[in-house]
Amino acid sequence: MKSVLNQLSQLQELILARDEHRLTGDGAHLARLNEAIESMTVGLPDNVRSFYSRLITRDHVIMAPVHKGSCAVCGMHLPISQVQSVRQCQAIQYCPGCSRILYEDLNAPQWVGTTPSRGEPRKNGISRFSAETLMVPDMVAGSAADAIEILAGKMEAAGFINNSDALIGSALERESMLSTAMDFGLAFPHIRGVEGGSLTLACGVSKEPFEWDASGTKTSIVFLITIPAAVSAFYMRLISGLTEAFLKEANRNALIDAETPQALWKALVKATRNTIK
Ligand SMILES: [Zn+2]
């Protein structure tokens, strides 16, 4: 059963990667993605495939992590016996609330930040999921792996995420499926299923553009993003807002010119003021 769950979660990643690619990419990898999705769908056991087909027409997030005894997507509290069944992986378990396929990854990194106390002013725009402490204006990286390691370490050191090693592993796994590097020297590595709080974004800037992957794409601005399963749809809006902001050369230069975390944060807030609500 574990292997079927792995197949399903890879399939979901491919489908979400295709959604992201349609939104921000140039369409160059669509044929390859479609082919991989098709062959993986055909490879599912018959009974699972029919259920999967019904789920996928409704929403592209078909898998729901179990977090603290509840479905992390719809929030439904699960019976203890079902949580145990998910843990034992003997049969596929569906959430009684949203019908998604439940899984549990005890080793997954978690959001461990502090929630704002009552009475604190409500944050707007990018301040809702990033902070000055997550800015790296002087990133020295020679590859995607370097950049991801630096930014994941920053997220852990700043007290937002635990288990940065697992975070790095998941981000690199996602990169190996389809590179998140884009035009204009931008890259958006990300990790889904980081539960416990909100979406979190760290930004690293390399003064010297470096080769992100084997294709030789030059990158200088990297956004590492952790995504709780329930806000996958919002994540799409976030990357489209970031892409829109940084199509403008002046906005990219403002990030590259920033010398301190404070200046980088200020430039990021300013550039995204109208594109991220
Ligand atoms: Zn649910």
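Just the heavy atoms: all of them, side chains too, but no hydrogens, waters or symmetry mates, feed the values below. Order of appearance sets the numbers: ligands from 1, and atoms from 1 within every ligand.
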Which count of protein N, O or S atoms is obtained for distances strictly below 2.8 Å from the Zn ion (ligand 1)?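 For the Zn ion (ligand 1), the figure is 4.
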Quick one: hydrophobic cluster around Leu102, which other residues, with the 4.5 Å side-chain cut-off, linked directly or via members?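 When side chains under 4.5 Å apart are linked, the cluster holding Leu102 also contains Val66, Leu78, Val83, Val86.
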Qualifying residues under side chain to side chain donor-acceptor pair (under 3.5 Å), relative to Glu13, sequence neighbours excluded: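 Listed in chain order: Arg192.
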Establish, yes or no, whether a centroid distance under 6.0 Å links the rings of Phe129 and Phe234.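 Distance test on ring centres: under 6.0 Å, yes.
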Review item, side-chain donor-acceptor pairs of residues 235-246, under 3.5 Å, at least two apart:
unit_1 : atom_1 : unit_2 : atom_2 : d
Tyr235 : OH     : His190 : ND1    : 2.9
Thr243 : OG1    : Ile239 : O      : 2.5

Is the count of non-hydrogen atoms from other residues, nucleotides or ligands lying under 6.0 Å from Glu249 atom CD greater than 12?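 Count not over threshold, so no.
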Please determine whether the number of non-hydrogen atoms from other residues, nucleotides or ligands lying under 6.0 Å from atom CD of Gln88 exceeds 12.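 Above 12, so yes.
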